[in-house]
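Right, one structure below, let's go through it.
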2 protein chains.
Amino acid sequence: MPKPTTRDMIEEKADDLFYETGFEATSFADIAKAVGISRGNFYHHFKSKDDILDAVIDRRMAKTKAMLTTWEEDAAPRDRIVSFIRLMIANKAKIMAYGCPVGTLTTELTKLDHDAHSRAADIFGLFQDWLAQQFAALGHGARAQKLALHLLGRSQGVAVMASAFKDEEMLTSEVAALETWLDQLEPLSPVKG
Amino acid sequence: MPKPTTRDMIEEKADDLFYETGFEATSFADIAKAVGISRGNFYHHFKSKDDILDAVIDRRMAKTKAMLTTWEEDAAPRDRIVSFIRLMIANKAKIMAYGCPVGTLTTELTKLDHDAHSRAADIFGLFQDWLAQQFAALGHGARAQKLALHLLGRSQGVAVMASAFKDEEMLTSEVAALETWLDQLEPLSPVKG
DNA sequence: GACTCCCTAGGACACTTGTCCTAAATTCAG
DNA sequence: CTGAATTTAGGACAAGTGTCCTAGGGAGTC
């Protein structure tokens, strides 16, 4: 595989640091040290800190889209939704340490009154639309968007509490509860079959 | 009533600013301007920024305890829990603008790896214990703590999504769903009666 | 009035911030 | 190899950070 460009490495490390320590608390010096380049070199690749943030959000949107596509390998909409729910299990350690990357970034940008806030929220939009498609395929057309938003909210709540209390049991039991919730949704009248 | 001391005013304005713009993003200069005092004057009242944070957390804990006590004027545990749920309606505007004060502070302190993180999480602990008492009084003794944590998580999820999307409809409909959830909990075998 | 003590203002401090500039190093095309 | 373009390092910059110091103002007691 081609070796990553400096720009790629800046994006990658910035992505990690924004997640782990927050956007505001991450300085150019921190990113420079993580990448292993000089501070002044940034401005050849990004013209401002906000520019890096934009790139990180783009990057997260692209990765999210790719992940959602992967989950579509499961033919059954129900299983696709389960993939989403179990993402919290897969990312358990990071969620307990830093919360949800989407939720925490969006929340921070809201408080900073930052222009990029709505673009960060658009990542939630990607999840919501994709989940709504799956719920619609399960026969919940009219309330598909609402169910998607509900599921997103439940996930966010789990992430916030699990990281606040560093409580793995809470995370796993709430994930189980979400799967039960999914399988008990009514009415079940799939579009086809 | 006695006029507030300078220390009180610092705590109050710091509390507001930490909520509205975040702990890290709030500077001494910001607080000084809000209070109307000089920057150098702080160190007569607080010996560091962390000291102000400690005072703000103490203040929030005290206000939380007072609020929980107020809610106990309702004799019925069910109504007490409803008071908690409807707090999101009462604080709708602020929640949509800044999220939940407890959740967002705890999340930020987690990322900053700040010592006060666990003290901030203790505010969640106050809510959880109080809610667990109410669930226990409703006859859910064995799973009272778990139900309390579930309800806290649901609330956090609502706050995160409502502030991300600035979606008032989501907030009100999820609050209604929580009340439905509460009234459909089983088994209902109150301790007395 | 004199004295003490608490409170306040304002500036100095060392450091970090995001940003920008310049010059050298590197890469690559001809 | 030569020359142009890209990429890099390192430092300068003004502004802002949390912290600390000192001098004076104001209230209250003897």
Side-chain angles (χ1 to χ4, degrees), chain A residues 1-58 105 108-109 111-117 119-120, chain B residues 1-58 105 108-109 111-117 119-120:
Chain A
M1 53 186 167
K3 84 169 189 188
T5 66
T6 301
R7 188 187 164 94
D8 288 336
M9 289 177 63
I10 293 176
E11 286 183 12
E12 182 188 329
K13 295 298 185 184
D15 194 344
D16 291 346
L17 287 168
F18 289 173
Y19 177 34
E20 294 168 11
T21 74
F23 170 70
E24 180 82 3
T26 300
S27 72
F28 273 56
D30 295 330
I31 306 176
K33 199 195 312 178
V35 178
I37 63 173
S38 72
R39 221 166 64 259
N41 191 9
F42 275 104
Y43 287 78
H44 199 264
H45 302 281
F46 300 93
K47 68 175 190 291
S48 72
K49 194 180 179 186
D50 290 348
D51 221 41
I52 299 185
L53 178 60
D54 280 339
V56 166
I57 293 176
D58 286 344
L105 179 63
E108 184 180 0
L109 295 181
K111 286 182 193 273
L112 294 176
D113 203 19
H114 197 290
D115 288 339
H117 160 73
R119 297 193 61 241
Chain B
M1 53 185 167
K3 83 167 187 187
T5 66
T6 300
R7 188 186 163 93
D8 289 336
M9 290 177 62
I10 292 175
E11 287 183 10
E12 184 188 328
K13 295 298 185 183
D15 193 344
D16 291 345
L17 287 168
F18 288 174
Y19 176 33
E20 293 167 11
T21 74
F23 170 69
E24 179 82 4
T26 299
S27 72
F28 274 57
D30 295 330
I31 306 175
K33 200 194 312 179
V35 178
I37 63 174
S38 70
R39 218 165 68 257
N41 190 10
F42 274 102
Y43 287 77
H44 199 264
H45 301 280
F46 299 94
K47 68 176 189 292
S48 72
K49 194 181 180 186
D50 290 347
D51 221 40
I52 299 186
L53 177 59
D54 280 340
V56 166
I57 294 176
D58 285 344
L105 180 63
E108 184 180 0
L109 295 181
K111 285 181 193 273
L112 294 177
D113 202 19
H114 196 291
D115 288 339
H117 160 73
R119 297 194 59 243

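In what follows, every chain begins at residue 1, and chains take the letters A, B, ... in the order their sequences are listed.
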Starting from [atom2] on [N], measure out to [atom1] on [X] and report it in whole angstrom.
| X | N | atom1 | atom2 | value |
| --- | --- | --- | --- | --- |
| A:D50 | C:dT17 | CG | P | 16 Å |
| B:F46 | C:dC7 | CZ | C1' | 14 Å |
| B:L112 | D:dG18 | CG | P | 13 Å |
| B:E24 | D:dG16 | CD | P | 17 Å |
| B:F28 | C:dG10 | CZ | P | 18 Å |
| B:F42 | C:dG11 | CZ | P | 17 Å |
| A:K49 | C:dG18 | NZ | P | 5 Å |
| B:I52 | D:dT19 | CD1 | P | 9 Å |

Regarding B:S48 and B:D51, is there a side-chain donor-to-acceptor distance under 3.5 Å anywhere?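 No - no donor-acceptor pair under 3.5 Å links their side chains.
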Evaluate the side-chain proximity of A:V56 to A:F23: yes if any heavy-atom separation is below 4.5 Å, no if none is.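 Contact flag for A:F23/A:V56 side chains = no.
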Ignoring backbone atoms, test whether [X] places a side-chain nitrogen or oxygen under 4.0 Å from the OP1 or OP2 oxygen of [N].
| X | N | value |
| --- | --- | --- |
| A:Y43 | C:dC20 | no |
| B:N41 | C:dC7 | no |
| A:H44 | C:dC20 | no |
| B:S27 | D:dT17 | yes |

Flag yes if more than 12 heavy atoms outside A:D113 fall under 6.0 Å of its CG atom; otherwise flag no.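 At most 12 heavy atoms, drawn from other residues, nucleotides or ligands, come within 6.0 Å of this atom.
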Can you tell me how the ring of A:F42 sits relative to the ring of A:F28, calling it parallel under 30°, perpendicular over 60° and tilted otherwise?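 A:F42 vs A:F28 ring planes: perpendicular.
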For DNA chain C, whose closest nucleotide is more 5', that of B:T6 or that of A:K47?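 Looking at DNA chain C, the more 5' nearest nucleotide goes with B:T6.
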